[in-house]
2 protein chains.
Amino acid sequence: MAAKRVKLLDVAKAAGVSQGTASNAFGKPDLVRSEVRDRIFAAAKDLGYRGPHVMARMLRTGKAGALGVVFPDNLEYAFSDPVAIELLRGIGRECARHGINVMIISAENPQQAIAAVNNAAVDAFLVHCYSDNNDIISAIQRRNQPLISIDTDIAGAAGTVLLDDHAAAKTAGAHLLDCGARKFAILSLQATEHDHFGPMNANRVGAASHRVVRERMAGYHDALQSAGIAPTDIIHVECDNHSEHSAKMTVEMLVQHPEIDGILAMSDVIAIGALDAARELGRKVPDDLKVIGIDGIVAGERTDPPLSSVRQDSVEKGRLAAEMALGEDTGRTIILETGLLVRGSTKVV
Amino acid sequence: MAAKRVKLLDVAKAAGVSQGTASNAFGKPDLVRSEVRDRIFAAAKDLGYRGPHVMARMLRTGKAGALGVVFPDNLEYAFSDPVAIELLRGIGRECARHGINVMIISAENPQQAIAAVNNAAVDAFLVHCYSDNNDIISAIQRRNQPLISIDTDIAGAAGTVLLDDHAAAKTAGAHLLDCGARKFAILSLQATEHDHFGPMNANRVGAASHRVVRERMAGYHDALQSAGIAPTDIIHVECDNHSEHSAKMTVEMLVQHPEIDGILAMSDVIAIGALDAARELGRKVPDDLKVIGIDGIVAGERTDPPLSSVRQDSVEKGRLAAEMALGEDTGRTIILETGLLVRGSTKVV
DNA sequence: TTGAAAGCGCTACCAG
DNA sequence: CTGGTAGCGCTTTCAA
């Protein structure tokens, strides 16, 4: 029951060596003659010593052996969004390579999240967020440890990993035009820190503070503009990043604007909801209505019809972020490639 | 750049109080007169003090403020299996309620995993595994901290959360019988520490050391036995828990045993692969062939046809495990309910 | 309320 | 290679 009792000094005494040597036997075995080492291990086993105390070692060395991962925009996001999970998979893989654990900063609300950040024994932080004006991010910065930002630019970050979101969205828009769509709707991710789900007016569209939303919006508009379609000709709807919610929004939208024949969704999760909505309304995809997402999640292979998308490699994104956090060179920004993924929701294949 | 420079003592001196009082100002504000407290905070801000040093606090208090989660059977499992992710969601939710972070123990191989366990500053471990004879588990036990086991019985655990796997499988078997299936295949999860994927002979079936496999197997056999179907009349195939793999196994199996009209899969992931295989071979589900999984994952709603299953509440399973780890009462075993989920893969609905 | 001082257990340094 | 020892930064007695 009792916590850790016997300590290194006890072992050292029992083995007739100094504490320093005992420490080396565990931490740097090569520095200790094998004969002495065996004696130390024997004494340790004898006394029931469980190995160096983790927290004491941390304090002494200043290394936590863990990377903190934070999702300031949505604290439940880590284990609910498929893209976040791919990100974590990449992070986990790279951390494993380095013998480092992954700490998920978990909290119920932003205030708790700040405390969670302050209590986390980690060597660096990986932050996935949509914008950088955020108390949680400030709290992380105050810790003065390397901070890698994913999908946003954070001033002073030790590294940044991003997509070319503008290009990705432009690709999606161009593809729908190619497929013959002419009357468009954009299903946007949440545009600012405060949600305003539902139809977006021009003000709201312009107010997007989330970098990802701003860039993708501009990319869509760019693509459509080149076909003579102005932003004011486009229906904009802000959706929560859940298929159920986007399905509901899409139903309302399609009822009110039955002329829409092309839906540009800022995430595959949102796009999948749009497909559900289309099915519910009896709209034929891709004949009547074309739908394309962004992300290229695996679930998109199994939808009915399979979802076209602009894929990104989220696993690699996470891996790179972790690599930067664990590496030396600082201040770099990596921009990942994206690519068109044509499936049944835009074209009969 | 430099690490944390100014320390509590500096702040205390600057504010003209003792270190103890300064500590209290941060940790137990109520014990310090507000006037003094303000002076301390002012000094802190002045000197650029960033708040108590996490590792030092840990060493002193012995609390890590984090729960460790380990998947000894498959270290990549955490971020790839949908059931594991639900588990993590539940764990994350409960930890958030308690202001505790979640540490995922990550490693590339079992040996590294032992090091990862030993380096993890956590207050307790949550272990999801199929069987308990495992070096990683021994390493965790050596840490002498509360250990909650999920889906297996581990001797000496501070708590255990399980399903009634026997009943769950029996339910699945009985349902397929109800639906008219008469010639069965069981797609098993990996049965022992060492994989042996492919057709299982009676020896292999009997050798299952993984508790979940043993129980589910017995449950299936039980159900079918009552219809006069002996275990020897059943085709058994051991599958990796990936749809691609189970699809391949299922194709081979159905080619060799075209008479099969009922597939009992030990997980939904495996069952989804079986559906893919059936489609590939042009078998009509559910008319020609009925398929049922276990788990009730969300993805099963979107397969073609939607997947019948015996659902479990994995989120709640994780939440309960975390609750036990964070709570006081020790040694309990919780057995969660399961329930039949009828969808299109067994019955025209 | 506040102050003084004792460690938490270890690793890294320096001397031999 | 090995021994001695300082000190990582904090919280928490215990006394005043």
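Keep in mind the model is a prediction, meaning the values are calculated, not measured. Lettering follows sequence order; numbering is per chain, from 1.
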Please enumerate all protein N or O atoms sitting under 3.5 Å from an N or O of nucleotides 12-16 of chain C, with distances to 0.1 Å.
{"residue": "C/dA12", "atom": "OP2", "partner": "A/Lys28", "partner atom": "NZ", "Å": "3.2"}
{"residue": "C/dA12", "atom": "O4'", "partner": "A/Arg60", "partner atom": "NH2", "Å": "3.3"}

For [range], which residue pairs qualify under side-chain hydrogen bond (donor to acceptor under 3.5 Å, both in side chains), counting only residues two or more places apart or in two chains?
range                       : result
residues 24-33 of chain A   : A/Arg33-A/Glu35
residues 321-331 of chain A : A/Arg319-A/Glu323, A/Asp329-A/Arg332
residues 109-122 of chain A : A/Asn119-B/Arg57

Problem set entry | B/Tyr130: ring-ring contact (aromatic ring centres under 6.0 Å, His included) partners, not counting sequence neighbours | B/His128, B/His210
What is the separation between atom [atom1] on [X] and atom [atom2] on [N], rounded to the nearest whole Å?
X       : N     : atom1 : atom2 : answer
A/Leu8  : D/dG4 : CG    : C1'   : 14 Å
A/Leu9  : C/dG9 : CG    : C1'   : 10 Å
A/Arg39 : D/dC1 : CZ    : P     : 15 Å
B/Tyr49 : D/dG9 : OH    : P     : 10 Å
A/Leu31 : D/dG3 : CG    : P     : 13 Å
A/Met55 : D/dG9 : CE    : P     : 18 Å
A/Arg50 : C/dG9 : CZ    : P     : 13 Å
A/Leu59 : D/dG9 : CG    : C1'   : 6 Å

For this session: Check every atom of D/dG4, C/dT2, D/dG9 against the side chain of B/His53 and return the nucleotide holding the closest atom.
Result: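 The listed nucleotide nearest to B/His53's side chain is D/dG9.
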For this session: Mind running a 4.0 Å heavy-atom check of residues 111-125 of chain B against DNA chain D and sending the residues that fall below it, in number order?
Result: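 None - not one residue of the stretch has a heavy atom sitting under 4.0 Å from the strand.
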Exercise. Is any side-chain N or O of B/Lys7 closer than 4.0 Å to OP1 or OP2 of D/dC10?
Worked result: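 No.
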Exercise. Does a side-chain N or O from A/Arg57 land closer than 4.0 Å to OP1 or OP2 of C/dG9, or not?
Worked result: no
Seminar exercise, completed: With sequence neighbours left out, the residues meeting side chain to side chain donor-acceptor pair (under 3.5 Å) with B/Thr152 are none
For this session: Just do the side-chain contact (heavy atoms from CB on, under 4.5 Å) check on A/Val213 and A/Gln190 with the steps written out, would you?
Result: CA-CA 8 Å; A/Val213 172; A/Gln190 191 178 323; over 6 Å; no
Problem set entry | Inter- and intrachain pairs under ring-ring contact (aromatic ring centres under 6.0 Å, His included), touching residues 5-33 of chain A, at least two apart |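 Residue pairs with at least one partner in residues 5-33 of chain A: A/Phe26-A/Phe41, A/Phe26-A/Tyr49.
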Problem set entry | Contacts of type side-chain contact (heavy atoms from CB on, under 4.5 Å), residue B/Asn134, not counting sequence neighbours | B/Pro72, B/Asp73, B/Ile136, B/Ile137
Exercise. Less than 4.0 Å between a side-chain N and a carboxylate O, is that true for B/Arg97 and A/Glu108?
Worked result: no
